[in-house]
Amino acid sequence: MLMAMNDCQQLINAATADRQLAYQCPGCSQPVRLKRGSVVVPHFAHVHVTDCHIFSEGETAEHLCGKQLLATWFAASGYTVRLEAELADLHQRPDILVQRATAPPLALEFQCSPLSVDRLAARTHGYWRHGYQVLWLLGQPYQRQLHLNSKALKFLQYQQQWGPYLLFLHVTTANVQLLHHILTLDAEPLSYQSYWLNTTQQSVTNLRRFTATVDTLPLSTNHLQRYYQQLMFARLRHQHVFEQLQAYCYHRGGTIAQLPSWTIPTIPQLPILAVPYLVWYGHVFGALRQRTGALTSGQLRALIWHQLRPLLARRVCLHARGQLLQQQITVIMTMLVDQRVIIKQGSVWQINAQQLKWRDR
Ligand SMILES: [Zn+2]
């Protein structure tokens, strides 16, 4: 912990604490010792082994250092910050609480250790319910190449100007790395763009004002061919998800390789599915094949949503999740129109059986 209580019940930062004085843990009120060395940032630790539920001694040097770094950075950028502040109304203690004049208070969480998606959801939604905003920054254990099943992705957040994004904090260099427009084209590692910012040279405002424009044009034929190869490769490797899709196709008289070309995603998409988009599109193909006659827009959206829902990953930090899902359904509707899978007739949609055939082997 970075803050401890002195005998006057004031919270004192370890960086400015007096070695001669006595301090207590603000969580359990047990005595703590000031630790100030050359390796780890100044901090407090319980004198005796305790079962303190607020501050365990498992806190890493990275976490201690990152908290201090973030507090210093936000304070230097003109914000009022509180380190390890207890929020009694929601029984949570964010690493840093940032008070803002014209916006709700912001809780900063620097996560360096494993955290289950249930706990992440409980903490994030606890903040939201009580009118706090929350920003998750990820430490070194999460800073690996991004794949659809990366542990970092449960922290995926979204803002209009950044698209789907993650924030990493590199404590050794005092750099913040914003990974923005994180998108998936199924079998590949995720694509994203990086914006680096040094907290000793640039203010929080630099980060807040950063906007990026990214064009998501359809990919070239070359790229598509590569995609097919990867698809085959993935199939040969007997990935569970592909086996399931293969079984789904068999039951309907075809194979993955015979799915019509419109089911192959060619535009990078939001990484909000637990499976490749091909699975969703393949299921939409299967569901549409079973329908005859006309569909209203509402029925069509319901059909697509019904296929999507069981395939969603848990992205518990996406505040506008419902809106993003609706956008995603609109994207696939537009694609179905472009590919003439559905054709508008008056106020209803006709299904085009020509586009719902298995391809020849
Ligand atoms: Zn304690």
Side-chain angles (χ1 to χ4, degrees), residues 1-75 79-99 105-142 151 155 169 171-172 317:
M1 76 195 82
L2 295 171
M3 308 293 286
M5 208 73 90
N6 66 10
D7 286 340
C8 305
Q9 300 300 301
Q10 293 166 317
L11 278 170
I12 305 295
N13 192 317
T16 56
D18 184 341
R19 213 180 269 283
Q20 307 302 321
L21 300 178
Y23 297 94
Q24 290 89 42
C25 168
C28 65
S29 302
Q30 294 299 307
V32 292
R33 181 176 292 133
L34 177 62
K35 299 212 164 185
R36 202 146 52 190
S38 55
V39 181
V40 182
V41 295
H43 62 284
F44 297 101
H46 292 99
V47 174
H48 308 290
V49 176
T50 70
D51 54 357
C52 178
H53 294 297
I54 309 296
F55 293 104
S56 66
E57 308 304 343
E59 220 178 0
T60 60
E62 182 190 20
H63 189 236
L64 287 164
C65 177
K67 279 197 288 190
Q68 190 72 69
L69 194 155
L70 286 170
T72 306
W73 186 39
F74 274 79
Y79 293 94
T80 305
V81 298
R82 283 166 65 200
L83 260 163
E84 301 169 350
E86 189 188 6
L87 306 178
D89 48 345
L90 63 160
H91 306 291
Q92 285 177 229
R93 193 184 288 268
D95 290 334
I96 290 126
L97 185 69
V98 181
Q99 304 286 358
L106 171 69
L108 298 179
E109 293 280 11
F110 180 40
Q111 192 65 30
C112 303
S113 55
L115 182 67
S116 76
V117 71
D118 286 330
R119 294 253 302 134
L120 175 62
R123 283 166 68 180
T124 301
H125 301 168
Y127 286 127
W128 290 347
R129 269 198 307 278
H130 288 83
Y132 295 87
Q133 292 184 350
V134 56
L135 198 60
W136 291 91
L137 293 107
L138 303 179
Q140 200 250 326
Y142 292 99
K151 293 193 190 323
F155 297 92
L169 178 61
V171 296
T172 47
C317 300

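All values derive from a computational prediction rather than experimental measurement. We count ligands from 1, going down the list as the structure has it; atoms in each ligand are counted the same way.
Taking the side chain as every heavy atom from C-beta outward, Leu70 and Asp95 never approach each other to under 4.5 Å.
Residues passing the salt bridge (charged side-chain N to carboxylate O under 4.0 Å, His left out) test with Glu62: none are found, sequence neighbours excluded. The salt bridge (charged side-chain N to carboxylate O under 4.0 Å, His left out) search around Asp18 returns none, not counting sequence neighbours.
Ordered by chain and number, Cys25 SG, Cys28 SG, His46 NE2, Cys52 SG make up the set of protein N, O or S atoms under 2.8 Å of the Zn ion (ligand 1).
Tyr23 and Phe44 have tilted rings, their planes meeting at an angle from 30° to 60° on a 0 to 90° scale. Using a 30° and 60° split on the angle between ring planes, Phe74 and Tyr79 fall in the tilted class, from 30° to 60°.
Residue pairs meeting the salt bridge (Lys or Arg N to Asp or Glu O under 4.0 Å) criterion with at least one member in residues 29-47: none, sequence neighbours excluded.
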